[in-house]
Amino acid sequence: MSDAIVLRQVRKTFGEKVAVEGLDLRIPTGSLTGFIGPNGAGKTTTIRMIMAILFPDSGDLEVLGKRSAVQSKDRIGYLPEERGVYKKMKVGAFLEHMARLKGCHGPDVRRRVQRWLAKVELEGVEKKKCEELSKGMQQKVQFISSVIHEPDLVILDEPFSGLDPVNMRLLRDLILEQHTSGRTVIFSTHVMHTAEALCDQIVMISRGKKVLDAPLAEIQRRHEARTIEFEPVQAGGDLGPIERVAGVGAVRRTERGGVAEVREGASVPEVLGRVASAMPMWRVAIQRPSLEDLFIDIVKRQGEEDVEGLRAAMQDAGQLVGAGAQGGES
Amino acid sequence: MNRIFQIARREFVTTAMTKAFIIGALVFPAVIALAIPLIIMLSKQAEAPKVVGTVAIIDPSGLGLERIRASLTPEAISARRPQAASQMQEQAIQQAQSGAQMTPEQATEMMDQARTMSAKIPEFTVEGVADGADLEEQKRAVWDEGPQGQPDSQRRLALIVLDPDAIRRGEGADRFGTFEIFHRPKMDDRIVDEIRDGVREAIQTARYAAYGQDAAWLDALTTVDRPRVIEVTAEGERDSTSAFGMLLPFAFMVLLMMSVMIGSQYLLTTTIEEKSSRVVEVLLSAVSPMQLMTGKVLGQMMVGLVMLAVYGGLGVAALVAFALTNLIEPMSLVYLLAFFILEYVMLASLTAAVGAAVNELREAQSLQGPIIMLVMIPYILWLPLSMGPNALWAQILSFIPPISPFVMMIRVTSTDPPPLWQPLLAIGVNAVGCYVCLWLAAKVFRVGLLMYGKPPNLATLVKWVKMA
């Protein structure tokens with residue numbers, strides 16, 4: 001599989017501050033990649049370098065097979081984090097302007113604008129000024145402006161920020177639609193569960209360095225769930241029978257029941273079966289570690305300034321990165 | 001290239017196709033252009049009220065009364081008027097030639113004369129008052145309204161008191177006497193002027209008669225008709241209009257300055273707007289910063305050209321109206337266009353850089369200050385420049401961008417234009433200036449567009465240029 005984006009040892013500094021350091025990255029063509037990390041991690045700087053809005057101090061990059069995004073701008077759709085609209089311009093005129101800037105020509109442009117406005121449930125706003133729209137509506141208009149020219153690569157920087165749940169779902173569907181029609185989609189977010197629900201590839205970045213890069217399935221496999229959630233029929237009862245199940249380690253009581261750790265070496269499905277039959281249950285399930293847990297875990301470990309702690313974090317990250325590289329090539 | 005045009009088109013449309021622009025930049029001058037002839041027309045119609053009344057004369061010598069009576073008849077007054085008009089015209093031309101500004105007094109006087117011309121002819125009844133009458137009593141008749149129901153024609157408007165030696169000089173005296181006018185309160189000063197001129201004329205002719213001189217002969221002796229001044233050129237002879245020789249370079253410079261400043265000011269505003277509304281990064285996803293800047297500069301250049309065409313067109317129309325088109329060499333218009341483009345590109349690219357560097361208009365002022373000061377130099381120097389367009393310092397200044405286009409514009413439209421190689425060289429020098437400004441501006445523009453927060457100072461801008 002060819003790569004839509006390749007970064008090799010990319011470094012970018014702003015004065016004293018190192019924004020991105022030794023970043024290697026491959027985004028496979030057709031993938032839906034979540035670019036996650038805390039605020040100030042270097043996500044936007046990396047995306048701006050990919051878009052050739054900023055240039056790296058060292059290292060090189062390839063976008064859609066070209067040395068710079070400048071040469072393939074018509075094939076890229078970009079929704080920046082710092083996004084705005086011409087406030088005094090009419091929505092239709094603004095979208096037409098953007099489409100023309102991205103290489104669309106002819107009378108088709110207007111129809112295309114109308115089609116997209118209908119698609120995001122914004123019929124009839126064409127003649128309104130951009131400043132008359134709500135923030136959520138403006139965001140939809142901005143999204144349209146980034147994909148109206150049907151690009152091969154879509155880069156969305158924090159596309160979900162400031163959206164209500166209804167619009168968030170709408171945008172998620174639109175992103176998935178871009179993905180299923182074969183486009184490469186990258187979006188950055190700090191809302192982990194969105195990434196988890198949407199992506200097939202995760203790149204995690206913290207303090208300008210990549211700490212995780214793997215397909216979501218791979219991450220989930222590596223961080224195999226070893227926690228069992230259960231809700232006994234008789235809530236608040238004695239949890240002794242569970243503690244005594246073979247293969248169960250620590251047991252913790254929760255509001256509705258409890259969670260049990262599966263001991264190293266024991267088979268999770270077998271233990272699950274035994275827990276289910278230890279007492280009458282409403283529900284027994286395997287609890288997956290969320291991306292958020294993983295993220296907070298890694299960031300926390302990175303935050304430790306002592307050398308030992310940092311090394312441990314880096315080793316762990318290193319393993320994960322290694323796994324990611326394999327995943328990327330497979 | 002398409003993208004640059006698309007940006008330029010949007011820039012032009014959003015600036016020039018707005019009501020504010022059309023009203024401010026186009027309708028306003030058009031209204032003024034229409035209003036001027038209208039005002040002239042109206043003021044011609046605005047006649048002063050017709051004045052009827054008596055003028056009393058105390059003439060101790062008895063030599064002037066009849067002549068005064070003759071010179072204050074409506075026929076004599078209307079005969080004097082065209083004379084006053086031509087005098088006024090001559091005065092105006094002299095003033096324009098001297099290049100001096102009119103003093104307020106002079107201006108008022110000219111306006112008064114213009115008004116007199118449009119006033120209705122007064123009807124004076126001249127009555128002689130015997131010498132030796134009580135002067136105070138006679139004066140009283142001037143301000144005293146008199147009995148109710150007295151007809152206007154019997155109202156005393158003024159009392160003229162001639163000196164005894166107003167017409168015949170006293171023995172051994174060098175000079176003649178004169179006269180005094182006592183007029184009623186709140187009388188229109190145009191009427192006073194009519195009376196004064198009439199009495200003056202009467203005294204003059206009375207003196208000629210008293211000394212046995214032929215009035216017509218003396219008048220012929222002392223009058224030299226205004227000469228016709230003719231400019232001889234290769235294309236033939238034409239009326240000289242040197243009065244405008246100094247004003248023309250100034251007009252050209254102001255036109256150039258105005259259109260350049262308006263274009264770059266709009267550019268500054270739209271750049272800051274794009275940055276503060278955060279639309280700029282959306283744009284940068286489609287075009288490079290250089291394309292964005294070029295498109296914007298081009299778009300606003302069109303706006304500047306519209307202004308140039310409107311105001312320049314008005315100027316040319318005015319010259320056509322007054323049949324003065326011979327003043328402008330067609331080459332001057334070519335230079336105007338060339339220097340507009342060069343000056344505009346330099347100024348606009350620097351302004352775009354300033355716009356990209358700051359977050360709001362207020363912050364732009366401190367960075368824009370030096371640029372505006374540069375532009376103001378030729379404005380301050382235009383008078384010495386147009387008086388000595390080929391002085392060494394003028395020659396030097398006309399090759400230093402970004403002042404050069406203004407100075408060269410003054411020089412090429414002056415009465416003593418420089419040799420052809422000089423404007424051509426200046427165009428070349430300014431083209432290099434354009435390149436340098438664009439290069440510098442592009443760097444600042446690229447870095448500045450995505451920088452928010454504290455507005456940069458000059459040192460930061462230099463750092464950005466090095467960084468980009």
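So you know, we letter chains A, B, ... as the sequences are listed, proteins then strands, and number each from 1.
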Residues of residues 260-274 of chain B contacting chain A, heavy-atom criterion under 4.5 Å, by residue number
B:Glu273, B:Glu274
Which distance, rounded to the nearest 0.5 Å, do you find between the CZ of A:Phe55 and the CZ of B:Arg446?
5.0 Å
Cation over ring, A:Arg100 on B:Phe5, under 6.0 Å and within 45°?
no
So which residues of residues 277-292 of chain B are in contact with chain A at a heavy-atom cut-off of under 4.5 Å?
B:Ser277, B:Arg278, B:Val279, B:Glu281, B:Val282, B:Leu283, B:Leu284, B:Ser285, B:Ala286, B:Val287, B:Ser288
Between B:Ile7 and A:His97, the two heavy atoms sitting closest are CA-CE1, 4.2 Å
Please round to the nearest 0.5 Å and tell me the distance separating atom CG of B:Asn2 and atom NE2 of A:His105.
5.5 Å
Residue, of A:Lys88, A:Met89, A:Glu81, that accumulates the most heavy atom pairs under 4.5 Å with chain B:
A:Met89
Segment of A:His149 engaging chain B (4.5 angstrom heavy-atom cut-off)
neither
Counting only heavy atoms not in A:Arg8, do more than 12 fall under 6.0 Å of its CZ?
yes
